K.L.:
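Encoded as structure tokens, here's the structure I'll be asking about.
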Amino acid sequence: MDDIEMLHAARPQPDAPSHAAHTAARAALLERAGSPSPTARRRTLWRRARWILIPAVAAAVAAALVIVPGRGGDSRPPAMSSRDVLLVAADTAERTPEGAGTYWHITITREGAASEEYWYRRDGHFWIKGKGLKGEGKLLEWPTKPQPFAVGPLRMTFEELRSLPADEKALYTRLWSAVPASGVRSSREPITAAEQDGLAMESLISLISEAPVSPQVRAAAYRALASRPGVVDLGETEGGRRLQVPMASGMGTMVVDPDTGRIRETSVWAPLTGGMAHDPDGMRTIDAEWTDQLPPE
């Protein structure tokens with residue numbers, strides 16, 4: 001048994017959420033959204049006794065009880081946990097058409113700062129444009145030889161990206177197993193199992209937010225993330241739900257939009273020029289899509 005197998009055996013992977021479990025969770029959320037709480041039911045019984053004496057108040061309360069559970073026609077079920085948020089996003093991502101084009105175009109933006117842009121071609125050539133990048137805001141092919149795509153701390157060719165498994169457990173195992181051979185080093189040799197898990201989590205986030213993978217693989221990345229311990233829902237925010245995710249270098253934050261299946265903002269990302277970028281004090285907006293056009297130089 002080699003080192004990776006020993007680590008893997010020491011940290012068994014939790015079972016991925018089944019389709020039946022996900023369906024049941026969604027149904028429970030919808031039922032909860034449409035039903036009054038036990039406290040509300042107890043109050044209703046108490047009020048019925050009062051209605052005998054105060055008919056006018058009883059009518060008003062009854063009307064209020066009919067109106068409140070609908071909550072103004074909000075059709076989206078409440079997200080009760082980080083797992084629920086990620087599973088709903090996975091379903092959305094799986095149904096979203098991928099699009100087509102010559103270049104995979106990534107734009108990374110922080111409010112009040114210049115954006116970074118990358119255009120990645122299937123043969124491994126890519127172009128960059130942005131203040132602080134090589135070329136200082138001009139479109140630049142860099143480097144001039146083909147390069148693999150950055151997936152968190154890992155590097156993969158386009159063909160490797162497209163061959164990733166669409167099963168969440170197999171996908172996480174593939175990423176987790178690739179970390180020791182990625183060249184990542186820490187103050188401890190070799191990296192710890194916790195660090196290996198954190199680096200695999202960073203790879204999952206890259207697959208969701210940046211990489212040109214199929215809708216099925218993006219959905220599998222969401223489901224794999226949903227099955228990992230330590231992901232915490234921090235509540236609703238503009239653009240979706242804010243989640244806290246354990247990374248190799250500490251806790252990261254991202255905003256997931258379940259309605260679109262995309263990460264709206266993140267504090268950790270992988271520039272195509274290499275390495276991992278962390279911004280604990282701020283967030284980056286990531287947009288990624290296929291296009292047929294390079295911008296003018």
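Side chains included, hydrogens not; waters and symmetry mates left out as well; all remaining heavy atoms used. Please read all numbers here as calculations on a predicted model, not as lab measurements.
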K.L.:
Under a single-linkage definition using a 4.5 Å side-chain heavy-atom cutoff for Ile, Leu, Val, Met, Phe, Trp and Tyr, are Ile128 and Leu139 assigned to the same hydrophobic cluster?
P.N.:
no
K.L.:
Are Leu207 and Val255 connected, step by step, through hydrophobic side chains (Ile, Leu, Val, Met, Phe, Trp, Tyr) whose heavy atoms are closer than 4.5 Å?
P.N.:
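No, separate clusters.
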K.L.:
Is Val179 reachable from Leu161 through a run of hydrophobic residues whose side-chain heavy atoms are each under 4.5 Å from the next?
P.N.:
yes
K.L.:
Going by atom types alone, do Asp292 and Thr102 pair a side-chain donor with an acceptor below 3.5 Å?
P.N.:
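Present: a donor and an acceptor within the cut-off.
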K.L.:
Rounded at 0.5 Å granularity, tell me how far CZ in Arg223 sits from CG in Asp91.
P.N.:
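It comes to 5.0 Å.
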K.L.:
Do Leu171 and Leu204 come close enough that some side-chain heavy atom pair is under 4.5 Å?
P.N.:
yes
K.L.:
Any side-chain to backbone donor/acceptor pair from Thr92 onto Pro258? Under 3.5 Å, distance only.
P.N.:
yes
K.L.:
If we only count heavy atoms from C-beta on, is the Arg284 to Glu265 side-chain gap below 4.5 Å?
P.N.:
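Side chain of Arg284 against side chain of Glu265, heavy atoms only: no contact under 4.5 Å found.
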K.L.:
Atom OG of Ser209 and atom CZ of Arg262: how far apart are they, to the nearest 0.5 Å?
P.N.:
7.5 Å
K.L.:
For Ala288 versus Glu210, what's the shortest heavy-atom pair and its separation?
P.N.:
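The pair with the smallest heavy-atom distance is CB-O, 4.3 Å.
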K.L.:
Considering non-hydrogen atoms only, spot the tightest contact between Ala226 and Arg83 and give its length.
P.N.:
O-NH1, 3.8 Å
K.L.:
Could you pull out all donor-acceptor pairs under 3.5 Å where a side-chain atom in residues 107-119 meets a protein atom, sequence neighbours excluded?
P.N.:
unit_1 : atom_1 : unit_2 : atom_2 : d
Thr107 : OG1    : His105 : NE2    : 3.3
Arg110 : NH1    : Asp279 : OD2    : 3.1
Glu116 : OE1    : Tyr118 : OH     : 2.8
Glu117 : OE1    : His105 : NE2    : 2.8

K.L.:
Tell me the closest heavy-atom pair linking Leu154 and Ala178, and the distance in Å.
P.N.:
CD2-O, 3.8 Å
K.L.:
Does Leu164 share a hydrophobic cluster with Trp290, counting links as ILVMFWY side-chain heavy atoms below 4.5 Å and allowing steps through other members?
P.N.:
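Yes.
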K.L.:
Taking the side chain as every heavy atom from C-beta outward, state whether Val232 and Leu243 have any pair of such atoms under 4.5 Å apart.
P.N.:
no
K.L.:
For side chain to side chain contact (heavy atoms under 4.5 Å, CB included), just list the numbers for Lys129 and Lys138, CA-CA rounded to whole Å, side-chain angles, deciding distance to a tenth of an Å, and then say yes or no.
P.N.:
CA-CA 6 Å; Lys129 183 178 182 180; Lys138 295 182 179 180; over 6 Å; no
K.L.:
Are Trp127 and Tyr103 near enough that their ring centres are under 6.0 Å apart?
P.N.:
yes
K.L.:
Got a second to check how far Met254's CE is from Leu234's CG, nearest 0.5 Å?
P.N.:
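Taking CE in Met254 and CG in Leu234, the distance rounds to 10.5 Å.
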K.L.:
Taking the side chain as everything from C-beta on, heavy atoms only, tell me whether Trp104 gets closer than 4.5 Å to Leu272.
P.N.:
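Not in contact.
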K.L.:
Do Tyr172 and Asp167 have side-chain N/O donor and acceptor atoms under 3.5 Å apart?
P.N.:
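No.
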K.L.:
Would you sort out whether Thr260 and Thr96 count as a side chain to side chain contact (heavy atoms under 4.5 Å, CB included), showing the intermediate values?
P.N.:
CA-CA 8 Å; Thr260 62; Thr96 302; over 6 Å; no
K.L.:
Between Asp123 and His125, is there a side-chain heavy-atom distance shorter than 4.5 Å?
P.N.:
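A side-chain contact exists here, since the closest heavy-atom pair is under 4.5 Å.
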K.L.:
For Ala211, is there any backbone N or O sitting under 3.5 Å from a side-chain donor or acceptor partner on Arg218?
P.N.:
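Answer holds: yes.
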K.L.:
Can you give me the closest heavy-atom contact between Ala93 and Gly261, atom names plus distance?
P.N.:
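What the structure gives for the nearest pair is CB-O, 4.0 Å.
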K.L.:
What pair of heavy atoms forms the shortest contact from Arg122 to Gly101, and how long is it?
P.N.:
NH1-O, 2.7 Å
K.L.:
How about Met283 and Arg242: do any of their side-chain heavy atoms sit closer than 4.5 Å?
P.N.:
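Yes. Closest side-chain heavy atoms under 4.5 Å.
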K.L.:
Out of curiosity, Ser203 OG to Met276 CE, how far, rounded to the nearest 0.5 Å?
P.N.:
7.5 Å
K.L.:
So, taking the atom named CE in Met247 and the one named OG in Ser267, what distance separates them when rounded to the nearest 0.5 Å?
P.N.:
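OG of Ser267 is found 6.0 Å from CE of Met247.
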K.L.:
Does some side-chain heavy atom of Arg95 sit less than 4.5 Å from a side-chain heavy atom of Pro215?
P.N.:
no
K.L.:
Side-chain contact, heavy-atom cut-off 4.5 Å: Thr173 with Leu175?
P.N.:
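No, side chains not in contact.
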K.L.:
Run the side chain to side chain contact (heavy atoms under 4.5 Å, CB included) test on Asp287 and Ile106 for me, step by step, so that the C-alpha distance in whole Å, both residues' side-chain angles and the decisive distance to 0.1 Å come before the verdict.
P.N.:
CA-CA 6 Å; Asp287 295 301; Ile106 303 170; over 6 Å; no
K.L.:
Under the 3.5 angstrom rule, does the side chain of Ser214 hit a backbone N or O of Val217 as a donor-acceptor pair?
P.N.:
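Pair found, side chain donor or acceptor close to backbone of Val217.
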K.L.:
Using the six-membered ring wherever Trp is involved, compare the ring planes of Tyr120 and Phe126 and label them parallel, tilted or perpendicular (cut-offs 30° and 60°).
P.N.:
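Aromatic pair Tyr120/Phe126 classed parallel.
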K.L.:
For the backbone of Ala224 and the side chain of Ser227, can you confirm whether one donor and one acceptor N or O come within less than 3.5 Å of each other?
P.N.:
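Checking the backbone N and O of Ala224 against the side chain of Ser227, a donor-acceptor pair under 3.5 Å is found.
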K.L.:
Kindly indicate, with the supporting measurements, whether the criterion side chain to side chain contact (heavy atoms under 4.5 Å, CB included) is fulfilled by Ile191 and Leu199.
P.N.:
CA-CA 10 Å; Ile191 60 174; Leu199 291 166; 4.1 Å; yes
K.L.:
Roughly how far apart are Ile286 CD1 and Ile208 CD1, rounded to 0.5 Å?
P.N.:
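If we round to the nearest 0.5 Å, Ile286:CD1 and Ile208:CD1 are 11.0 Å apart.
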K.L.:
Judged by atom type as modelled, is there a donor-acceptor pair below 3.5 Å linking the side chain of Thr157 to the main-chain atoms of Pro148?
P.N.:
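Not confirmed, Thr157 side chain does not pair with Pro148 backbone.
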K.L.:
Between Asp233, Asp257, Asp84, which is the residue that forms a side-chain hydrogen bond (donor to acceptor under 3.5 Å, both in side chains) with Arg241?
P.N.:
Asp233
K.L.:
For the residue pair Ala220 and Ala166, what are the closest heavy atoms and their distance?
P.N.:
CB-O, 3.3 Å
